[in-house]
Every structure is written in C-alpha cells, then in structure tokens.
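The first residue in the sequence is number 1, and the count goes up from there. Because the structure is a prediction, the values reported are computed rather than measured.
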Amino acid sequence: MISLEQVCMKYDRIIILASNDVREFLRTLNNIGIDAIAIDYDPKFENTMSYVNKDFVFDDVDLTADLIIHKNVEKTYPVELPEGTDVILIGDNDQHNGDCTPIKSCQQLISLYDVGEIYDQGCDEEETHWYVYGKIRCR
C-alpha cells in the first residue's frame with residue numbers, strides 16, 4: 001500500500017472526504033504548511049478544527065484541491081470530483097449497512113471515477129480493501 005504521509009508531502013492543498021477521525025493527521029499536515037481539511041457528514045465532527053461538517057454528495061462544497069483523498073468510496077458514490085485533480089480513492093466490499101457501492105477491484109474505482117492517469121494501485125492481502133492513486137480524466 002502507498003504511504004499517505006509520503007504522498008501528501010507533494011501537495012499544497014489537500015481535502016479528505018468521508019475521513020472519520022483524522023484530526024492528528026490534519027494537524028500534522030497543517031503544521032508543516034500544507035492546507036489540509038476533512039469534509040465529513042457525521043455530526044460528531046461539527047465544530048471540529050479543520051473539518052467541514054457537510055454531506056459532500058448533496059451539499060454545496062468546494063472541492064478545489066491539489067489532492068483529494070476519498071477514504072470510503074463505497075459509502076458515498078457518486079461524487080463528482082474536479083477534472084484534472086489528483087486523487088486517492090479507497091474503498092472496500094465489507095458490505096456494511098448503508099454501503100451503496102461495494103468496491104471489488106481497482107478497475108472498478110478507476111471506472112467509477114474516470115481516473116485517466118494511474119500513479120499507483122493495489123489492495124490489502126485479504127482483497128477486501130482497494131485503492132487507486134491517480135488523476136481524474138479531463139473531459
């Protein structure tokens with residue numbers, strides 16, 4: 001698997017979608033001069049520093065960033081990501097309640113999000129969690 005920390009060092013502005021609790025990671029990135037925020041719909045993140053507490057599928061949110069990390073693709077697809085943006089898409093097929101699009105392969109992630117250039121891709125040993133690091137195709 002790729003190292004999120006190493007990848008993030010290449011970017012100036014990062015947005016993490018459906019992140020759950022990444023407060024320490026955000027604090028680390030912001031402390032070294034990377035503008036990093038998380039957008040999460042869970043109300044437990046309301047009034048949390050570096051979090052935007054909105055539903056990025058249905059609410060009006062600004063997804064302008066150099067890198068977007070979408071951590072739970074299976075829960076939120078479809079999300080229209082900006083053309084030409086670097087992304088890390090992470091999803092699984094654990095089939096939890098509310099998973100609208102279980103992810104079963106890297107190719108599925110590439111197709112769902114129209115990733116044109118692939119920098120890296122892979123899965124865990126159990127083949128239940130997949131990731132793709134690449135760039136959204138310009139149409």
Donor-acceptor contact below 3.5 Å, side chain Asp40 vs main chain Ser19: yes
Is any side-chain heavy atom of Leu26 closer than 4.5 Å to one of Ile16? yes
Tell me, yes or no, whether the heavy-atom count around Glu80 atom CD, taken from other residues, nucleotides or ligands under 6.0 Å, exceeds 12. no
Does Glu126 CD have over 12 foreign heavy atoms under 6.0 Å away? yes
So Lys71 and Asn20, do their side chains get closer than 4.5 Å, heavy atoms only? no
Note: Cys123 and Glu127 closest approach over all heavy atoms is SG-CG, 3.7 Å
Go through the steps to decide whether Ile68 and Leu17 satisfy the test side-chain contact (heavy atoms from CB on, under 4.5 Å), and finish with yes or no. CA-CA 7 Å; Ile68 295 175; Leu17 303 176; 3.7 Å; yes
Asp114 side chain to Gly116 main-chain N or O, any donor-acceptor pair under 3.5 Å? no
Quick check: closest heavy atoms across Ser50 and Asn30, and the distance to 0.1 Å? OG-ND2, 3.6 Å
Donor-acceptor contact present, side-chain Gln108 to main-chain Pro102, <3.5 Å: yes
Do the side chain of Asp59 and the main chain of Val61 share a donor and acceptor less than 3.5 angstrom apart? no
Apply side-chain contact (heavy atoms from CB on, under 4.5 Å) to Thr101 and Val73, showing your working. CA-CA 8 Å; Thr101 310; Val73 170; 5.9 Å; no
Flag the pair Tyr119 / Ile2 as yes when at least one side-chain heavy-atom distance between them is below 4.5 Å, and no otherwise. no
Looking only at non-hydrogen atoms, find the nearest pair between Asn93 and Ile103 and report the distance. CB-O, 3.1 Å
Would you confirm whether Asp120, through its side chain, and Tyr133, through its main-chain N or O, come within 3.5 Å as a donor-acceptor pair? no
Test your reading of the model: is there a side-chain donor-acceptor pair from Asp66 to the backbone of Thr85, 3.5 Å cut-off? no
Phe56 versus Ile15: any side-chain heavy-atom pair under 4.5 Å? no
Could you pull out the closest heavy-atom pair between Leu63 and Ile39, with the gap in Å? CD2-CD1, 3.9 Å
Do Tyr113 and Val132 have side-chain heavy atoms sitting under 4.5 Å apart? no
Closest heavy-atom contact between Thr128 and Asp94? CB-OD1, 4.0 Å
Evaluate the side-chain proximity of Met9 to Ile32: yes if any heavy-atom separation is below 4.5 Å, no if none is. yes
Compare all side-chain heavy atoms of Trp130 with those of Gln121 and state whether any distance is below 4.5 angstrom. no
Near Lys104 NZ, under 6.0 Å, is it more than 12 heavy atoms from other residues, nucleotides or ligands? no
Is it the case that the side chains of Asn72 and Thr76 hold a donor-acceptor pair, with the cut-off being a distance below 3.5 Å and no angle test? no
For the CG atom of Asp21 and the OH atom of Tyr51, what is their distance to the nearest 0.5 Å? 5.0 Å
I need the minimum non-hydrogen distance between Cys8 and Leu29, along with the two atoms involved. CB-CD2, 3.9 Å
When Leu81, Leu109, Ile136, Asp86 are each screened for side-chain contact (heavy atoms from CB on, under 4.5 Å) with Val115, the one that passes is Ile136
